[in-house]
There are 2 protein chains.
Amino acid sequence: MVLYYSEYNKFLVAVDCIIFGFDGQELKLLLIKRNFPPAKGEWSLMGGFLKKDESLDNAAARVLFKLTGLQKVYLEQLYSYGEIDRDPGERVISAAYYALIKIDEYDEKLLKKYNAKWFLINDFPNLIFDHNIMVNKALKRLKRKAQSQPIGFELLPEKFTIPQLQKLYETIFQKEFDKRNFRKKILGFQVLQKFDEKEKKSSKKGAYLYRFDQDKYNRLIENGYSFEVNV
Amino acid sequence: MVLYYSEYNKFLVAVDCIIFGFDGQELKLLLIKRNFPPAKGEWSLMGGFLKKDESLDNAAARVLFKLTGLQKVYLEQLYSYGEIDRDPGERVISAAYYALIKIDEYDEKLLKKYNAKWFLINDFPNLIFDHNIMVNKALKRLKRKAQSQPIGFELLPEKFTIPQLQKLYETIFQKEFDKRNFRKKILGFQVLQKFDEKEKKSSKKGAYLYRFDQDKYNRLIENGYSFEVNV
DNA sequence: ATAATAAAGTGTTGAATATACACTTATATT
DNA sequence: AATATAAGTGTATATTCAACACTTTATTAT
């Protein structure tokens, strides 16, 4: 390979993952306690350095897989952080990604292995470097995206009830919705498929289960349809 | 400095700028003809390599200043591109930024110096590497942002008329608006300050000049106010 | 001086959408 | 059989969006 750019500086490049989950009641964040310097023993996002043979996206997926055991999850680049002193160890450019995972598919064994823990989104420890800034940005992005695209479903199990979906939206937007209006709005999109089955854990009556019909959604999108939740 | 991360790979990091302008009629894009390899002689975004002593944001501002002579312009990070072979010269991670400039403040002398040229957004040449992808993403972002935040004003001179503003929105969204409804909507936000002065270039009658009142907008924002243009 | 021209500026009405609000139903538990 | 609990349902009002045509102002041409 011809080297055209040899006189320029090179930098360490990292990826950091903001991992969101939903336990049925609250929005949660998966954090690790660092066991290496600098900032050893402090809480941090899961991250890793970019390797020669992988793209940024692949690096993020690799880091996410390592901590969750999950592949094919919703993973989106958030923003890149390039302040000179953001990492006191050495200069590192970091591309932050955020992930939405189905918490019931998460492999709990990995919590111990990586000193990881789920925290409530409203109550998590101070993080190293600029990781707090990253989490704030990820939360804002999640709110925006959840409003205009059906990504909320990424945080729910395959089958879910309308009350569960409403609770999820309420924790994301930190706001209560009227259940009649919410149901009307969501079912009005016609992208939910109803099962005869009921979920009975959270009530005596039980609530019907639904699933998000991705194919139908894609077809609607092609026809200029738009998904917008009022908040 | 202690080096904690010495075993990891380092990468060239670049910034590329998508520079938008508005000439009163059309949305435009500032491009340069590369005079260095690889892809010498082809059209490209203005870019540059990150230096040791600057942040990503500063690098983008430096590159933008070099080509436009402008500082303190609207400049926002768009996305980072990290595919392995995106630059055939060597592996380069690129952070793309987009800028909105007031075309009447642009220094024309710089066009020659950098082989630069303004192109219509609907008719520009094929670009090198992944730069077409970057421009598409920037256009999408501009549409989204212009809908929910008053960034359109960044592309207009300090004083502008309502018809000019409408024309700008029409070129951004590639759609015509009803002038009564547009005026109603925009003036309803109460963030435009009217002058007694008229602009007479584009009509015999002349149109009143306005300016965007940033301070007033900031105050409204703090009170939970929201700027939303329907498209 | 007068007429013609061209873009700026202005209100109202009907349609669609969002919001507010209270009772009934189903089933497990006592 | 009674009670308790969350699921499920409809309507009326307010707000917002979308459609639509004429008047005003000043320049230019006659």
>> Rounding to an integer number of Å, can you tell me how far Lys184(A) NZ sits from dT17(C) P?
In response: 12 Å
> In whole Å, what is the span from the NZ atom of Lys198(A) to the P atom of dA26(C)?
Replying inline: 8 Å
>> Quick check: Phe153(A) with Phe160(A) (ring centres under 6.0 Å apart)?
In response: yes
> In whole angstrom, what separates Asn181(A)'s CG from dT19(C)'s C1'?
Replying inline: 6 Å
>> Using a 6.0 Å cut-off, check whether atom CG of Asp196(B) has over 12 heavy atoms from anything other than its own residue.
In response: no
> Between Phe22(B) and Phe20(B), is a ring-ring contact (aromatic ring centres under 6.0 Å, His included) present by the stated rule, with each step listed?
Replying inline: CA-CA 7 Å; Phe22(B) 177 66; Phe20(B) 291 115; over 10 Å; no
> Under a 4.0 Å N-O cut-off, is there an ion pair linking Arg34(B) with Glu42(B)?
Replying inline: no
>> Under a 3.5 Å distance rule, please check whether Glu228(B) uses its side chain to pair with a backbone N or O of Asn230(B) as donor and acceptor.
In response: no
>> What contact category does Asn230(B) fall into here, base, sugar-phosphate, or nothing, at under 4.0 angstrom with non-hydrogen atoms?
In response: sugar-phosphate
> Testing Phe189(B), Tyr169(B), Phe173(B) for ring-ring contact (aromatic ring centres under 6.0 Å, His included) with Phe182(B), which one passes?
Replying inline: Tyr169(B)
> Where the side chain of Gln164(B) meets the backbone of Thr161(B), is there a donor-acceptor pair that is under 3.5 Å apart?
Replying inline: yes
>> I need the CZ-C1' distance between Phe182(A) and dA20(C), as an integer number of Å.
In response: 17 Å
> Tell me, which of residues 199-213 of chain A have any heavy atom that sits under 4.0 Å from an atom in DNA chain C?
Replying inline: Lys200(A), Lys204(A), Lys205(A)
> Taking atom P of dG8(D) as reference, at what distance in whole Å does atom NZ of Lys194(A) sit?
Replying inline: 7 Å
> Quick one: is Lys185(A) getting a side-chain N or O under 4.0 Å of the dA18(C) phosphate, OP1 or OP2?
Replying inline: yes
> Does the gap between the ring centers of Tyr210(A) and Tyr208(A) come in under 6.0 Å?
Replying inline: no
>> Distance alone, cut at 3.5 Å: any donor-acceptor contact between the side chains of Glu222(A) and Asn218(A)?
In response: no
> Do any side-chain nitrogens or oxygens of Arg183(A) fall under 4.0 Å of OP1 or OP2 in dG8(D)?
Replying inline: yes
>> Counting only heavy atoms and a strict 4.0 angstrom limit, can you tell me which residues of residues 157-178 of chain B come near DNA chain C?
In response: Pro163(B)
